[in-house]
Asker: 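Sharing a structure with you now.
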Amino acid sequence: MEIHLHIIDTAGQEEYSLLPSNVQTCDGYLMVYAVNDTNSFEGLKNIYKKLEEFVGVTRPITLVANKKDLDVS
């Protein structure tokens, strides 16, 4: 099986980096946020809404927490 990976690094600029041409050919999505940055998680809401708008929710979406090894207390 061959898998093509397309990585979009939003770097906090979700509104500029996720365009329909980038997402419509993907078979699934991996959304990563930093546990030590609440804005990182909140930004995923915008990305998810754009995915719904452009491709629907018929493709798998996986949410991944990053930087779990850091002390976030």
Asker: Return the set of residues passing side chain to side chain donor-acceptor pair (under 3.5 Å) with Glu42 (not counting sequence neighbours), or none when no residue passes.
Answerer: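 Partners of Glu42 under the side chain to side chain donor-acceptor pair (under 3.5 Å) test: Lys45.
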Asker: Would you please name every residue forming a side-chain contact (heavy atoms from CB on, under 4.5 Å) with Ile61, sequence neighbours left out?
Answerer: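 By the side-chain contact (heavy atoms from CB on, under 4.5 Å) rule, Ile61 matches Tyr29, Met31, Tyr48, Leu51.
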Asker: The criterion is side-chain contact (heavy atoms from CB on, under 4.5 Å); which residues satisfy it with Ala34, sequence neighbours excluded?
Answerer: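 Expected list: Asn36, Asp37, Ser40, Lys67.
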Asker: Is there side-chain contact between Phe41 and Asn39, with heavy atoms separated by less than 4.5 Å?
Answerer: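 Not touching, per the 4.5 Å side-chain cut-off.
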Asker: Minimum heavy-atom separation for Ala65 to Val35, with atom names?
Answerer: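 Smallest interatomic distance, heavy atoms only, reads CB-CG1, 3.5 Å.
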Asker: Which atoms form the tightest heavy-atom contact between Val32 and Leu44, and what is the distance?
Answerer: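 Taking every non-hydrogen atom into account, O-CD2, 4.0 Å.
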